Each structure stands twice: as C-alpha cells, then as structure tokens.
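Bear in mind that the values here come from a model prediction, so they are computed numbers and not experimental data. Every number for a ligand or one of its atoms is a count from 1 in the order of the listing.
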Amino acid sequence: MSADENEVTLKKITAHCKEYGFVFGSSEIYDGLSAAYDYGPNGALLKNNIKEYWWKAMVQMNENIVGLDSSIFMHPKTWKASGHVDAFNDPLIDNKDSKKRYRADVLVEDHIAKIESKISKEVEKATKRFGDSFDEIQFRSTHPRIIGYIEQIRSIQARMMSAVEKGDLEAFKQLIVDLEIVDPVSGSKNWTDVRQFNLMFSTELGSVAEGANTIYLRPETAQGIFVNFSNVQKSSRMKPPFGIAQIGKAFRNEIIARQFIFRMREFEQMEMQFFVKPGEEMKWYEYWKNQRMKWHNSLGLGTDKYRFHDHLNLAHYANAACDIEFDFPMGFKELEGIHSRTDFDLSAHEALSGKKLRYFDPQENESYVPYVVETSIGLDRMFLALLSAAYQEEQLEDGSERIVLKLPPALAPSKVAVLPLINKDGLPEKAQEIFQDLKLDFSAQFDAKDAIGRRYRRQDAIGTPFCITIDHQTIEDHMVTIRERDSMKQERIQITEISNTLEKSVNIKTLLKFN
Ligand code: GAP
C-alpha cells in the first residue's frame with residue numbers, strides 16, 4: 001500500500017469506529033482533547049474481550065502466573081528507583097517563530113525519511129525504465145546517487161545515536177542546524193536549544209494547607225508488580241520461575257501523540273513480569289518471545305502481519321529486548337515489547353527502600369534477587385491491530401458493497417444477532433424467546449428494524465459472527481436460518497442446535513488451545 005492509501009485506511013478505520021460506537025474522541029462537545037479517546041458500547045465490549053483473552057492465556061493457563069491489580073498512584077520514591085524521574089525523557093526543541101514544539105529525534109527521523117523517499121523515487125524511475133530486466137538489489141548497491149544517500153543516512157544516524165548515548169544536547173541541536181531542518185509549519189530554522197522533557201504526569205496528593213506532595217501517574221504498570229514482589233511471592237507461595245500479571249492504565253505526556261489510538265497520553269497496558277533465577281533469563285526470554293508470538297498467531301490475523309524487531313540499543317537495565325511489530329495501516333510498528341530486565345528494578349527498590357526483595361532458595365540455602373523477563377503489550381494498540389486487520393470493504397456478486405469487520409469470532413463485541421424476518425405475525429415474539437435464551441450464554445443483539453439486508457450489513461459492520469433469522473416457517477418447524485459473517489453462507493438449523501453451533505466458534509476456549 002502507498003503512504004496515501006495507508007492514511008486513507010487509518011482515516012476510514014477512525015470514521016468507522018466513531019459511526020459504529022467503537023471509539024469516540026474524548027470530550028468532543030468541547031472540541032475534544034488531543035490524544036485522549038473514549039471507548040463506545042462496541043469498543044468497550046471488544047476491549048474487555050481482548051483483556052479476557054490475554055488474562056486467561058497468562059493467568060488461567062499458567063499455574064505459575066498470578067494476577068495483581070495495583071494502584072495508579074505510588075510512592076514518589078518508586079519512580080526515583082525505577083529511573084523514571086531521571087531518565088524517562090524525550091529530547092525537545094522549540095521553533096521560536098512558530099512557537100511549536102517538536103521531539104528532536106523525530107525531526108531528524110523525518111529528515112531521514114525524506115532521503116529514503118529520494119531513494120525510492122530513483123528505484124521507481126529505474127523500474128519503469130528497465131522493466132522486467134531490472135535488478136533492484138544490484139541497482140541499489142551500485143547507483144552512485146543511491147550510495148550517496150545511504151551514506152548520508154548512516155552518518156546522520158551515527159551522529160544522532162552518539163548524541164543520545166552521551167546525552168549531548170548541544171550535539172543534537174548542531175545536527176538539526178547542520179541538516180538545515182526547517183519547522184514543518186513555518187519553514188523557519190530559528191530553533192531553541194534542545195532540552196530534556198520528562199514524560200511523567202505529576203499531580204498533588206493532599207491539600208496545599210497540609211503540605212502537598214508531588215506524585216506521579218504511573219508511566220508503566222510494571223513498577224506496581226516490582227514493589228509487590230514479596231507480598232505476592234509470600235502470599236501465593238510462589239517460587240521462581242513464576243510470573244505476576246496485571247492489566248491497567250498508564251500515563252505518558254507524549255509530545256507527539258498521533259495516529260489515532262496508536263500513541264495516547266492515557267492508555268492501558270497488559271504486562272507480565274516473570275521472575276527467574278539469575279543466569280536462566282535468556283532461556284525464559286526466548287520462551288516468552290515464542291509464547292507471545294503464538295498468542296498473536298492464534299488470532300488468525302495472518303503470520304505475515306507480525307515480525308520481531310531486536311533492540312540493538314539496549315536500555316540501561318536490559319540485557320536483551322525486542323518488539324513484536326504489527327503491520328498497522330501506517331506500516332510495521334511496535335505492538336508489544338519483550339524485555340530481559342535483569343535484577344535492575346528489584347535491586348534498585350531494595351537499595352532505596354531498605355527492604356529485602358529476594359527469594360530464599362531452601363535447596364541452595366541462599367537468597368537471591370531474581371532476574372526479570374517482562375512481556376508488555378498496549379491494549380489500545382492491540383485493539384487497533386485487530387481493527388486494522390479486520391476492516392474490509394468487499395464488492396459483492398450483486399454489485400453492492402459491504403464493510404465487514406472480520407474479527408476473531410471469540411473476540412467480537414456481539415456473538416450473535418437475532419432477527420425476526422418481519423416485525424409481525426408472531427415472529428418478533430418467537431425471536432424474543434430465542435434471544436432471551438441465547439443471552440444467558442452469549443453477548444447477543446435483537447434487531448427488528450429495517451429490511452433484513454440492512455440488518456445483516458449493520459451486524460457485518462460491527463463484526464457479529466452469526467445472525468439468526470426467524471421466519472414464518474420457524475413457527476411450524478422450529479428451525480431458523482443461521483448466517484455466517486465471512487462467507488455469508490446461510491443454512492437452516494434446529495432452534496435447539498443454535499447454542500452448540502455458536503459455542504464451537506465463539507468460545508474463548510477455541511483461542512486458548514494454542515497454549
Ligand atoms: N514496562 C515496559 C514498558 O512500559 P514500553 O515499550 O514503554 O515498555 C510497552 O511500553 C507497550 O505499551 C508498547 O509496546 C505499546 O504497545 C504500549 N504503549 C507505550 N506507550 C504507549 C502510548 N503512548 N500509547 C499507547 N500505547 C503505548
């Protein structure tokens with residue numbers, strides 16, 4: 001897909017989410033708040049289903065993983081120990097003319113993207129010129145202009161990396177000046193110095209009169225798990241290797257929050273910290289990489305939609321890290337992180353709190369600070385991944401078009417819609433009877449308005465895997481028509497068979513079997 005088509009797709013998904021009650025902009029009646037979103041009736045159901053699937057795959061299916069629900073507010077020292085107070089920063093630069101603020105690294109990356117697009121244009125031209133005989137690999141490695149562009153990119157990346165690693169903000173500014181980067185809004189090169197900007201939101205605890213304390217809204221759920229390590233380990237009588245899983249809100253004052261729900265300031269994480277004996281972390285790191293990819297693949301969105309991206313530049317606390325990237329409408333981007341965090345967090349909390357965060361191994365008769373392998377996925381990003389893969393515009397045989405969300409049936413907001421063919425002759429009553437029974441087991445909808453074709457389209461648009469239609473014949477033979485969303489195939493089945501038929505494909509069990 002071209003960049004323009006990608007943008008169209010993301011715009012279409014955003015519009016679809018609003019029209020069908022998945023996601024609304026926050027406080028829209030006041031013109032909205034940037035990068036904050038509300039989940040509507042269908043969105044809330046889908047989000048809950050993703051959470052349920054993740055939680056069951058992690059906690060229910062693994063005897064050595066237990067859950068936690070820790071608070072968003074934590075003692076401020078937590079963030080000192082974790083390194084977030086000192087190091088959770090973005091390098092920012094302001095343009096003095098437009099008064100706009102930018103992430104310095106993003107300005108440089110956008111500049112690199114422009115050079116990359118020059119390379120693509122050269123390749124495109126040559127493809128047209130040489131046709132079938134064109135050898136792209138050879139062209140890229142021998143064409144003098146392309147070689148020059150690649151050298152430029154390498155040199156820029158090396159300078160930026162060195163500035164980041166040394167925390168040299170002057171060198172960062174000089175890079176922007178040397179590259180003659182202009183403000184995308186004003187075209188001006190009148191830049192301030194680069195400075196670090198902490199991404200944590202702060203607020204005050206207690207009234208001013210009592211002497212208020214600055215506290216932070218947690219930027220990751222993980223620290224709630226680390227500070228509770230001993231509480232959970234002792235109360236659940238766990239011994240390494242064991243994990244603690246948690247789903248909860250996290251907050252980051254992202255300077256450039258964009259691309260719908262991809263980068264938000266308030267978002268939800270599903271994290272699992274796995275505590276292991278030092279020295280065994282690489283084995284578990286590989287294990288969790290593999291397990292998490294299996295979880296993703298079980299959803300059937302296509303194995304080609306995912307790829308691993310190993311981090312070359314490791315954070316100070318990590319000895320291995322990678323992302324699971326997903327092919328979003330704007331290209332492959334991080335969906336989940338898997339990090340081998342060593343004993344950095346537990347040791348830092350031990351040092352600052354003076355409390356032991358260790359496991360006593362009775363066999364070895366010694367205690368140690370466990371190493372940690374974490375899996376961390378953004379719930380909102382997972383939601384966007386599902387919608388981007390599921391959203392399809394289909395041309396039907398009769399020339400009409402339908403928009404269908406081909407969501408994994410077990411995650412769909414509604415599993416079944418019950419539709420009386422017409423709204424009289426006892427059909428609504430019979431349909432209600434069936435609906436009342438089905439809703440005990442399934443998230444179900446009842447819809448008697450409009451022509452049946454329109455009602456099918458409405459259900460397709462929200463991803464309902466099955467529609468049950470009740471017609472005059474049903475009153476006589478107790479059979480209904482069941483229509484499957486993706487194939488649109490219809491067949492007659494007994495009313496008593498409906499539950500069993502649904503159960504086979506919408507039960508979350510069908511997904512959990514990957515484990
Ligand atoms: N505890 C590790 C940690 O927080 P991270 O890579 O910063 O690692 C983990 O975040 C995941 O959280 C990301 O892979 C992404 O899915 C999600 N995430 C991070 N920042 C986000 C944001 N601003 N908006 C939405 N999701 C975000």
> Relative to the ring of His311, is the ring of His309 parallel (under 30°), tilted (30 to 60°) or perpendicular (over 60°)?
Replying inline: tilted

> Glu220 heavy atoms, cut-off 4.0 Å: which ligand 1 atoms fall inside?
Replying inline: 1 (N), 2 (C), 3 (C), 4 (O)

> Cationic tip of Lys47 within the cone over Tyr39's six-membered ring, i.e. under 6.0 Å and within 45° of the normal?
Replying inline: yes

> In terms of the angle between their ring planes, are Phe226 and His349 parallel, tilted or perpendicular, with boundaries placed at 30° and 60°?
Replying inline: tilted

> Can you list the atoms of ligand 1 that are under 4.0 Å from a heavy atom of Glu336?
Replying inline: 14 (O)

>> If the contact criterion is a heavy-atom separation under 4.0 Å, does His339 count as touching ligand 1?
In response: yes

>> At under 4.0 Å between heavy atoms, is it the side chain or the backbone of Asp380 that contacts ligand 1, or both, or neither?
In response: neither

>> Does the plane of the ring in Phe229 sit parallel, tilted or perpendicular to the ring in Phe275? Use 30° and 60° as the thresholds.
In response: tilted

>> Please list, in number order, the atoms of ligand 1 under 4.0 Å from a heavy atom of Glu271.
In response: 1 (N), 2 (C), 3 (C), 4 (O)

>> Under 4.0 Å from a heavy atom of Phe262: which atoms of ligand 1 are those, numbered in the order shown and with their elements?
In response: 24 (N), 25 (C), 26 (N)

>> Are Phe328 and Phe326 an aromatic pair, judged by ring center distance below 6.0 Å?
In response: yes

>> If we set the cut-off at 4.0 Å for heavy atoms, which region of Arg341 has an atom near ligand 1: side chain, backbone, both, or neither?
In response: side chain

